[in-house]
Amino acid sequence: MEPEEDLASIVAAARAGSEDAWRRLVEAHQKTLIRLAWGLTGDRHLAADVAQETFVEAFVRIRQLRDDRAFGSWLWTIAVRTARRRRREPALPAPEGVDERTPEKELAGEELRRAADRALASLAPLYREALALAMDGKLSSAEAGKLLGCSAEAFRVRVHKARREVRRQLAGFLKE
Amino acid sequence: MEFPDDPQLDALLRDAAPEDVPAGFAERVVAASRAGQRASRVARIWLASAAAVLVLSPAIALLLTARPVPREASRGAAVSVAERPEAESFAVQFPAAERSGQQVMMGQINGKLFLTARPSREDSDELADLPRLPMSMAGSVSPDEPGPSMAVRFD
């Protein structure tokens with residue numbers, strides 16, 4: 001997205017009620033947020049819902065944001081909380097036609113996607129959250145640890161254990 | 001302790017991650033954000049109203065039921081109410097003495113005493129006889145006394 005100063009001014013405009021500024025923030029973060037939500041839930045059908053709820057909560061609470069330049073990490077914090085809440089709710093059947101793909105893509109990646117979904121879903125939430133934030137790579141270990149309520153060292157341990165387990169489950173897709 | 005990165009696994013997971021943003025996602029988010037903000041405003045107004053009602057209702061009820069004390073219980077010395085209030089929360093009014101032109105009231109809400117003094121209505125417009133402000137006020141509710149007592153001292 002734009003440099004930090006631009007981001008801060010767009011966030012300030014969104015806080016002042018500019019719908020256009022809010023739309024720009026959504027468009028700038030939607031893809032990475034959906035990816036993060038997938039990592040947090042291990043459910044690609046739930047990911048867009050979690051991302052949407054995260055954006056809505058962020059918009060409602062945007063006056064509480066202290067540092068406009070920290071909008072991204074603040075959004076990620078809300079996403080983690082939203083994903084935790086959604087995981088506690090009973091799972092809904094996957095909607096049809098949401099993930100439209102071409103036949104070629106289906107053949108090439110469907111097996112991997114399913115295996116990755118299974119691997120992520122099999123992780124305990126604290127390991128899955130750590131891996132999702134590590135994959136995203138926007139936060140340092142200290143920032144991610146703070147977000148998850150643990151130390152930077154504990155965060156790295158969680159990521160390591162999560163990677164080891166996912167690597168084991170996806171061994172067939174990895175080249176030695 | 002250092003843990004090595006696993007770029008190969010991370011790349012594989014990136015390949016497996018959702019690639020596309022659902023069509024019309026940003027529009028849906030903006031519309032839902034607007035609706036969420038409206039709902040939040042309504043909820044805040046409702047909560048503030050409910051809180052105001054909760055806070056003010058006992059005070060208004062007490063003021064409406066405040067009982068006057070006989071006028072001979074004069075100010076300038078301790079005054080008391082002969083009857084102990086039945087409720088833990090109460091308000092009693094000590095009518096102003098003629099010289100002071102003050103109305104004083106004492107009450108208790110949720111275990112906290114309050115004391116007030118204000119110019120009595122009939123005197124407040126009289127420039128020639130301005131009400132005198134109390135120098136000090138003290139009130140108490142004692143199990144040894146029949147009712148709440150209050151001392152008001154004027155200069």
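Each chain gets a letter, A, B and so on, in the order the sequences are listed, and its residues count up from 1.
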- line: Note: vs chain B, highest number of non-hydrogen pairs under 4.5 angstrom among A:M135, A:E19, A:R61 is A:E19
Looking at [X] and [Y], does any basic side-chain N land under 4.0 Å from a carboxylate oxygen?
X      : Y      : value
A:R84  : A:E129 : yes
A:E153 : A:R156 : yes
A:K31  : B:E19  : no
A:D43  : A:R86  : no
A:R24  : A:E27  : no

query: Are B:V29 and A:I10 connected in a single hydrophobic cluster, I mean Ile/Leu/Val/Met/Phe/Trp/Tyr linked by side-chain heavy atoms less than 4.5 Å apart?
result: yes
message: Same cluster or not: B:F25 versus A:L40, using hydrophobic residues (I, L, V, M, F, W, Y) connected whenever any side-chain heavy atoms lie under 4.5 Å apart?
response: yes
query: Can you pull out the residues in residues 36-45 of chain B with any heavy atom less than 4.5 Å from chain A?
result: B:G36, B:Q37, B:S40
Given heavy-atom pairs under 4.5 angstrom as the criterion, report whether the side chain, backbone, both or neither of [X] touches chain B.
X      : result
A:V26  : side chain
A:L131 : side chain
A:A51  : both

- request: Name the orientation class of the two ring planes belonging to A:F59 and A:W22 (parallel below 30°, tilted from 30 to 60°, perpendicular beyond 60°).
  value: tilted
- request: Tell me, for B:D10 versus chain A, whether the close heavy atoms (under 4.5 Å) come from the side chain, the backbone, both or neither.
  value: side chain
query: Hey, are the side chains of A:L120 and A:W38 touching, using non-hydrogen atoms and a 4.5 Å cut-off?
result: yes
task: Could you tell me which of B:A35, B:A32, B:A11, B:A23 has the largest number of non-hydrogen atom pairs under 4.5 Å with chain A?
output: B:A32
